[in-house]
Asks: 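One structure, as structure tokens, below. Some questions next.
We name chains A, B, ... by the order of the sequence lines, and we start the count at 1 in each one.
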There are 2 protein chains.
Amino acid sequence: MKDISLKIEDYLPLRDVVFNTLRDAIINGDIEPGERLIEISLADTLGVSRTPVREAIRELETEGLVVMTPRKGAEVAKISNKDLTDVLEVRRVLEVLAVELACEKITPEQLARLEENLNDFDACVSKGSASDLSSLDENFHEIIYNATDNKRLVQILSNLRKQMYRYRFVYIKTLSHRKTLHSEHLEIFNALKEKDKAKSVAAILKHIDNQKKAIMENIHFDC
Amino acid sequence: MKDISLKIEDYLPLRDVVFNTLRDAIINGDIEPGERLIEISLADTLGVSRTPVREAIRELETEGLVVMTPRKGAEVAKISNKDLTDVLEVRRVLEVLAVELACEKITPEQLARLEENLNDFDACVSKGSASDLSSLDENFHEIIYNATDNKRLVQILSNLRKQMYRYRFVYIKTLSHRKTLHSEHLEIFNALKEKDKAKSVAAILKHIDNQKKAIMENIHFDC
DNA sequence: ATTTGTAATACTGTATACAATATATATAAT
DNA sequence: ATTATATATATTGTATACAGTATTACAAAT
């Protein structure tokens, strides 16, 4: 007997379904920054009770997507220029740590998966959907995070990336950005393959800084 | 009219009370690693309903103090040597970032508060309680975190420190450790006062690495 | 016109009840 | 004796009800 395991994810408690639904809605702008999240009306809309909605909202708060005030309720977080800068400032040093660790610990199997990801990405650059590219991008970085063999780092970095999801379409929208993305990933991959720390760090920094630039140029903030 | 603001913290919802209670219990070892957290029995013990207990447990999970499995429940996280190493690995680079930013942005007022903290600490070294020293230690670092003017960084670093609370007594227990702690804080303070990044980084690294050593020497892990 | 007081309303906070699932126990079958 | 099956029990997941608190609207007073 082999490879038989329950796909526990299929069980997905309601709160997680609600969570995913709301997160998508926020990221896609269906619920706007500053808009209030009323438990009862969300529950009615989604056809569930308040309990899972409450728990989902709390999860969203820890991801920084909503802000809660006691006895007043929750609203979609307004992300300011400063907030984004703060997130990137932290991500920057953690991404550096991540590739350094990955250089030491990445397995051949993980390298193979990165290569496969690059191929898929390449195939998607011109004809793939934004959603496809977005998840490939996410997947690429998750592989590297996991290669660090540091759960805490994986958790924090994944979280920080999620807080920038709202802006991911910016650098996936145009063909030129897609090509840049691919070439930067390739560069990171090659550096990791060679286990060259300095090169890896340089590549990841370039990647991050480019994304920051792309976002800053294309977004104008409310506040 | 000036400086009048409601101390909203005094309202403290039940879930936060429960959260604090449980956290203290875990940190102090009243609830042991691996022990299950049963909602209903905790609720009965504390004289509240399941709802605030549930929410408190979820908060504890995001702090890494408990581990939850869907439909099975929560248990106090078993912290392994590896876990602690992982936390410190991340903290290390973030603490470096923090002092670098603090060098640039710390205000005279914050420096004054650090100095005051050092005086209080000095007064406590020989005769203070472990709890006094612990909160002074926490306060010292919180001032530096806040000096970075990066909310995200403050949030993550505070969180990572909390995950090591269980071990704080190790380096507060003995007089020699207390003295070391004070002199290291002094060194960090002086470097920040001079706005000397290299010196600050060196001082904070020494501080972290010393703590790691102290903990590693004094704790033996279950797993 | 501005402030104050009061009531109505809309929420969140908390408790509780019920449903679904996992775990433990006991019994029967081989 | 071991496995399989059934049953009871414990515990989480979800829904709902009620209590307490904020917000709003509006009337009364100055």
Side-chain angles (χ1 to χ4, degrees), chain A residues 1 4-23 25-26 31-63 65-78, chain B residues 1 4-23 25-26 31-63 65-78:
Chain A
M1 184 148 53
I4 294 197
S5 70
L6 209 54
K7 273 183 282 180
I8 193 87
E9 304 86 55
D10 290 358
Y11 264 95
L12 223 48
L14 268 187
R15 81 177 98 82
D16 292 333
V17 179
V18 174
F19 171 76
N20 289 330
T21 309
L22 290 180
R23 190 174 66 178
I26 293 173
I31 314 179
E32 287 176 22
E35 203 171 330
R36 291 190 60 186
L37 297 174
I38 313 291
E39 294 174 3
I40 188 80
S41 51
L42 286 174
D44 289 348
T45 306
L46 301 172
V48 299
S49 81
R50 272 180 64 204
T51 312
V53 173
R54 254 181 103 77
E55 297 184 344
I57 290 178
R58 288 214 138 61
E59 279 298 303
L60 289 167
E61 194 198 18
T62 75
E63 289 212 349
L65 286 174
V66 319
V67 177
M68 304 185 63
T69 20
R71 300 187 180 276
K72 279 199 56 181
E75 62 178 71
V76 177
K78 296 174 188 164
Chain B
M1 187 147 50
I4 295 198
S5 71
L6 209 53
K7 272 183 284 180
I8 193 87
E9 304 88 54
D10 291 358
Y11 264 94
L12 223 48
L14 267 188
R15 70 165 164 283
D16 292 335
V17 179
V18 174
F19 171 77
N20 289 331
T21 308
L22 290 179
R23 191 174 66 177
I26 293 173
I31 314 180
E32 287 178 19
E35 203 171 330
R36 291 189 62 186
L37 297 174
I38 314 292
E39 295 174 3
I40 187 79
S41 51
L42 286 174
D44 289 348
T45 306
L46 301 172
V48 299
S49 81
R50 272 180 64 205
T51 312
V53 173
R54 256 180 102 76
E55 299 185 341
I57 290 177
R58 289 212 139 62
E59 279 299 303
L60 289 168
E61 194 197 18
T62 75
E63 289 212 350
L65 287 175
V66 318
V67 176
M68 304 185 62
T69 21
R71 300 187 180 275
K72 278 199 55 182
E75 61 178 51
V76 177
K78 295 175 188 165

Asks: If you round to the nearest 0.5 Å, how far is CZ of B:Arg54 from CZ of A:Arg58?
Replies: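 Reported to 0.5 Å precision, the distance equals 12.0 Å.
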
Asks: Rounding to a whole Å, what distance do you find between B:Glu39:CD and C:dA22:P?
Replies: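 Rounding to the nearest Å, CD of B:Glu39 and P of C:dA22 are 15 Å apart.
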
Asks: How close or far is atom P of C:dG13 from atom CZ of B:Arg54, stated in whole angstroms?
Replies: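 B:Arg54 atom CZ is separated from C:dG13 atom P by 16 Å.
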
Asks: Who are the side chain to side chain contact (heavy atoms under 4.5 Å, CB included) partners of A:Val67, not counting sequence neighbours?
Replies: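 So A:Val67 forms a side chain to side chain contact (heavy atoms under 4.5 Å, CB included) with A:Ala77.
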
Asks: Applying a 4.0 Å non-hydrogen cut-off, can you work out what B:Leu37 is touching in the nucleic acid: base, sugar-phosphate, or nothing?
Replies: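 Since only primed, P, OP1 and OP2 atoms lie under 4.0 Å of B:Leu37, the category is sugar-phosphate.
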
Asks: Between P on C:dT9 and CD1 on A:Ile40, what's the gap in Å once rounded to a whole number?
Replies: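 Those two atoms, CD1 and P, are 17 Å apart.
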
Asks: What's the CZ-P distance between B:Arg58 and D:dT12, to the nearest Å?
Replies: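 Nearest whole value for this atom pair: 11 Å.
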
Asks: For DNA chain C, which residues in residues 44-53 of chain B have a heavy atom at a distance below 4.0 Å?
Replies: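 Result for residues 44-53 of chain B: B:Val48, B:Ser49, B:Arg50, B:Thr51, B:Pro52, sorted by number.
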
Asks: Who pairs with B:Ile31 by side chain to side chain contact (heavy atoms under 4.5 Å, CB included), at least two apart in sequence or on another chain?
Replies: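 Partners of B:Ile31 under the side chain to side chain contact (heavy atoms under 4.5 Å, CB included) test: B:Leu22, B:Ala25, B:Ile26, B:Glu35, B:Leu37, B:Val76.
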
Asks: In whole Å, I'd like the distance from the CG atom of B:Leu14 to the C1' atom of D:dA19.
Replies: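 Roughly 12 Å, once rounded to whole Å.
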
Asks: Quick one: which residue pairs count as a side chain to side chain donor-acceptor pair (under 3.5 Å) with a foot in residues 42-53 of chain A, not counting sequence neighbours?
Replies: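 Only A:Glu39-A:Arg50 qualify under side chain to side chain donor-acceptor pair (under 3.5 Å).
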
Asks: What's the CD-P distance between A:Glu55 and D:dT12, to the nearest Å?
Replies: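 It works out to 12 Å between those atoms.
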
Asks: Looking only at side-chain N and O atoms, does B:Arg15 come under 4.0 Å of OP1 or OP2 in C:dG13?
Replies: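 So the side chain of B:Arg15 is within the cut-off, an N or O lying under 4.0 Å from OP1 or OP2 of C:dG13.
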
Asks: Not counting sequence neighbours, which residues clear side chain to side chain contact (heavy atoms under 4.5 Å, CB included) with B:Glu59? List them please.
Replies: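 Only B:Phe19, B:Thr62 meet the side chain to side chain contact (heavy atoms under 4.5 Å, CB included) criterion with B:Glu59.
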
Asks: Please name all residues satisfying side chain to side chain contact (heavy atoms under 4.5 Å, CB included) with B:Arg36, sequence neighbours left out, ordered by chain then number.
Replies: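 Only B:Ile38, B:Glu75 meet the side chain to side chain contact (heavy atoms under 4.5 Å, CB included) criterion with B:Arg36.
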
Asks: Would you please confirm or rule out a distance under 4.0 Å between OP1 or OP2 of C:dT21 and any side-chain N or O of B:Lys72?
Replies: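 Result: no.
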
Asks: Where do B:Val18 and B:Ala56 come nearest, in terms of heavy atoms and distance?
Replies: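 That closest heavy-atom pairing would be CG1-CB, 3.6 Å.
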
Asks: Report the residue (B:Ser41 or A:Arg71) whose heavy-atom-nearest nucleotide on DNA chain D is the more 5′ of the two.
Replies: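 The residue mapped nearer the 5' terminus is B:Ser41.
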
Asks: Looking only at heavy atoms, which two atoms of B:Ala74 and B:Met68 are closest? And how far apart?
Replies: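 Looking at all heavy atoms of both residues, the closest pair is CB-CG, 3.8 Å.
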
Asks: Restricting to nitrogen or oxygen on both sides, can you table the protein-nucleotides 6-10 of chain D pairs closer than 3.5 Å?
Replies:
none

Asks: Whole Å only: how far is the CG atom of A:Asp16 from the C1' atom of D:dG13?
Replies: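 Spelled out: CG on A:Asp16 to C1' on D:dG13 is 11 Å.
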
Asks: Once you round to the nearest 0.5 Å, how far does CG of B:Asp16 lie from CZ of B:Arg23?
Replies: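 Taking CG in B:Asp16 and CZ in B:Arg23, the distance rounds to 10.0 Å.
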
Asks: Measure CZ/B:Arg36 against P/D:dT11 and give the value in whole Å, please.
Replies: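 It works out to 6 Å between those atoms.
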
